[in-house]
Protein chains: 2
Amino acid sequence: MKELVREPVKEIGTGRANDLLSIGAAADLIGVSERALRYYQQLGLITPCGRTPGGMRRYSEEDLARVGRIRELQTLLGLNLDEIALVLRNDDRISQIREAYHDERTGAEERTGLARECLVLQEHLRVIVEAKRAALDKFLADLDARIARNRDVLK
Amino acid sequence: MKELVREPVKEIGTGRANDLLSIGAAADLIGVSERALRYYQQLGLITPCGRTPGGMRRYSEEDLARVGRIRELQTLLGLNLDEIALVLRNDDRISQIREAYHDERTGAEERTGLARECLVLQEHLRVIVEAKRAALDKFLADLDARIARNRDVLK
DNA sequence: CGTGACTCTAACGTCAACGTCAAGGCGCGG
DNA sequence: CCGCGCCTTGACGTTGACGTTAGAGTCACG
């Protein structure tokens, strides 16, 4: 599944006063390495919103949020990058659908079809998360029980 | 931190009717590989409760539970094996303390000192787990909110 | 007392997720 | 327009957690 992604590049004016970040600044800000950012891009997980004419990556606020989401899925749910790719594709599909949904030219039944598709995707993820939460709750309950026993002994 | 552990071996009668398991049976039962069991042992995470005179590992019910705990700490909390080693050492210390606690020869203030030590160890772990739970709850809440929005649209 | 299935140790292989290094481009303050 | 620091694309290295294989030993059963 080595899917090296080569994409069209959006050029960005360099002199303009915008709040786009270089890769170093972005990395510092969200607490990941530059290497990780480039790696995520290789896997198609993120694409910086643009490049300078010289070819340097520029990251937007949205891009940072997306990276944040990647880290969340990694550390919180323990997903690997391939699984995260799927989740992100779902996210993308959903906002794409949302867009089509608000398009004038979308018919009524097409609308509900799209929304239904969204729900399926989201609820699939929900099942996974809910299972994890249940397990974690049980773990915590056990731990608390043991702590309580101990506290009793201490009286 | 390559801490190859070499330990004293408890020999176990082979003809006796006991419920100790071979490594293969143990692995099948808890759903991990034999290699993983040997690896965990190398790192000092578990030691099968004994060996046959010929040198084959025998696992008790307790041993299995310990392996289960290892997997739980891996998949649920995302700890690596070094961190798990620490948690397990705490667990061990706690049951060791519990034992000393019920020993006749343990003085009163020594008792409370030990129990206090237990609490500190346990609550340290609790903080980690609780943080994870909070993060997961938030994640789930966000997801649910998005699902609800979607469901509304569908009405 | 074989024999076939299982297990032993030791050693090398693998895979994901990056780390690190080299040999150059870019960008901007002075 | 020049220098210094940040950035680029390869390409190879590393680490954790095992997988796999080899060659020898062990166990239960007939």
Side-chain angles (χ1 to χ4, degrees), chain A residues 1-7 9 11-18 20-48 50-59 67 70-71 73-75 78-86, chain B residues 1-7 9 11-18 20-48 50-59 67 70-71 73-75 78-86:
Chain A
M1 222 208 169
K2 287 267 128 153
E3 225 185 305
L4 299 205
V5 183
R6 191 64 56 192
E7 307 169 34
V9 193
E11 278 203 7
I12 296 234
T14 134
R16 247 174 49 223
N18 50 33
L20 300 183
L21 298 176
S22 71
I23 193 172
D28 285 1
L29 196 57
I30 53 191
V32 312
S33 67
E34 302 181 11
R35 180 64 171 97
L37 290 179
R38 297 199 188 96
Y39 184 56
Y40 296 158
Q41 185 177 354
Q42 272 189 26
L43 300 185
L45 301 184
I46 36 158
T47 309
R51 300 259 193 164
T52 69
M56 301 196 158
R57 278 166 260 251
R58 288 294 111 120
Y59 292 86
V67 176
I70 293 175
R71 303 296 294 180
L73 292 168
Q74 267 190 318
T75 64
L79 304 184
N80 65 36
L81 295 182
D82 281 5
E83 295 165 331
I84 292 176
L86 297 180
Chain B
M1 220 207 169
K2 286 268 127 153
E3 226 185 304
L4 299 205
V5 184
R6 191 63 56 191
E7 309 168 32
V9 193
E11 277 204 6
I12 296 235
T14 134
R16 246 171 54 221
N18 49 34
L20 299 184
L21 298 175
S22 71
I23 192 172
D28 285 0
L29 196 58
I30 52 191
V32 311
S33 68
E34 302 181 11
R35 178 63 170 101
L37 290 178
R38 297 198 189 96
Y39 183 56
Y40 296 158
Q41 185 177 354
Q42 272 188 27
L43 300 186
L45 301 185
I46 35 156
T47 310
R51 299 260 191 162
T52 69
M56 301 196 159
R57 278 165 260 251
R58 288 294 112 119
Y59 292 86
V67 177
I70 293 175
R71 303 297 293 182
L73 293 167
Q74 267 190 315
T75 64
L79 303 184
N80 65 35
L81 295 182
D82 281 6
E83 295 164 331
I84 292 177
L86 295 180

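Predicted, not measured: the structure shown is a model, and the values here were computed from it. Labels below follow one simple rule: chain letters A, B, ... track the order of the sequence lines, proteins then strands, and each chain is numbered from 1.
- Here D:dA17 presents its P atom at 13 Å from CG of B:L73, a figure rounded to the nearest Å.
- Nearest nucleotide to the side chain of A:M56, out of C:dG25, D:dC18, C:dA17: C:dG25.
- Here the nucleotide nearest the side chain of A:Y39, chosen from D:dT26, C:dA16, C:dC8, is C:dA16.
- Side chains of A:T52 and A:R58 form a contact here, defined as non-hydrogen atoms less than 4.5 Å apart.
- Side-chain atoms of B:S22 and B:M56, non-hydrogen and from C-beta on, never get closer than 4.5 Å to each other.
- Rounded to whole angstrom, the span from the CG atom of B:N80 across to the C1' atom of D:dT15 amounts to 11 Å.
- At D:dC18, none of the side-chain N or O atoms of B:Q41 fall inside 4.0 Å of OP1 or OP2 (strictly under the cut-off).
- Side-chain N/O atoms of A:T52 include one lying less than 4.0 angstrom from OP1 or OP2 on C:dG27.
- In this structure, A:E34 places its CD atom 17 Å from P of C:dC26, rounding to the nearest Å.
- Residue A:Y40 places at least one side-chain N or O closer than 4.0 Å to OP1 or OP2 of C:dC18.
- Comparing D:dC18, C:dT7, D:dT8 by their nearest atom to the side chain of A:R51 picks out D:dT8.
- We find that CG of A:L45 is positioned 13 Å from C1' of C:dA16, with the value rounded to whole Å.
- Of the two residues contacting DNA chain C, namely A:R58 and A:S33, the nearest-nucleotide position lying further toward the 5' end is that of A:S33.
- Distances shorter than 4.0 Å separate some side-chain N or O of B:R71 from OP1 or OP2 on D:dC18.
- Within the 4.5 Å cutoff, the side chain of A:Q74 has heavy atoms near those of the A:L81 side chain.
- Within the 4.0 Å cut-off from OP1 or OP2 of C:dC18, at least one side-chain nitrogen or oxygen of A:Q74 is found.
- Within the 4.5 Å cutoff, the side chain of B:L73 has no heavy atoms near those of the B:E83 side chain.
- Taking atom CD of B:Q42 as the reference point, atom P of C:dA10 lies 9 Å away to the nearest angstrom.
- Distances shorter than 4.0 Å separate none of the side-chain N or O atoms of A:S22 from OP1 or OP2 on D:dC6.
- The CG-C1' distance, from A:L37 to D:dT8, rounds to 14 Å in whole Å.
- Counting only heavy atoms from C-beta outward, the side chains of B:L37 and B:E34 never approach each other to under 4.5 Å.
- In this model, a donor atom of one side chain and an acceptor atom of the other lie less than 3.5 Å apart for A:R71 and A:Y40.
- Mapping A:A25 and B:A36 onto DNA chain D via the closest heavy atom, the residue that lands nearer the 5' end is A:A25.
- Atom pair B:L79:CG and D:dG16:C1' shows a separation of 14 Å (rounding to whole Å applied).
- For A:R35, the side-chain atoms get nearest to C:dC18 when compared with the rest of C:dC26, C:dC18, D:dG19.
- Listed nucleotides: D:dC7, C:dC18, D:dC18. Nearest to the side chain of A:I23: D:dC7.
- One interatomic measurement links the two molecules: CG of B:L21 to P of D:dC27, which rounds to 16 Å at whole-angstrom precision.
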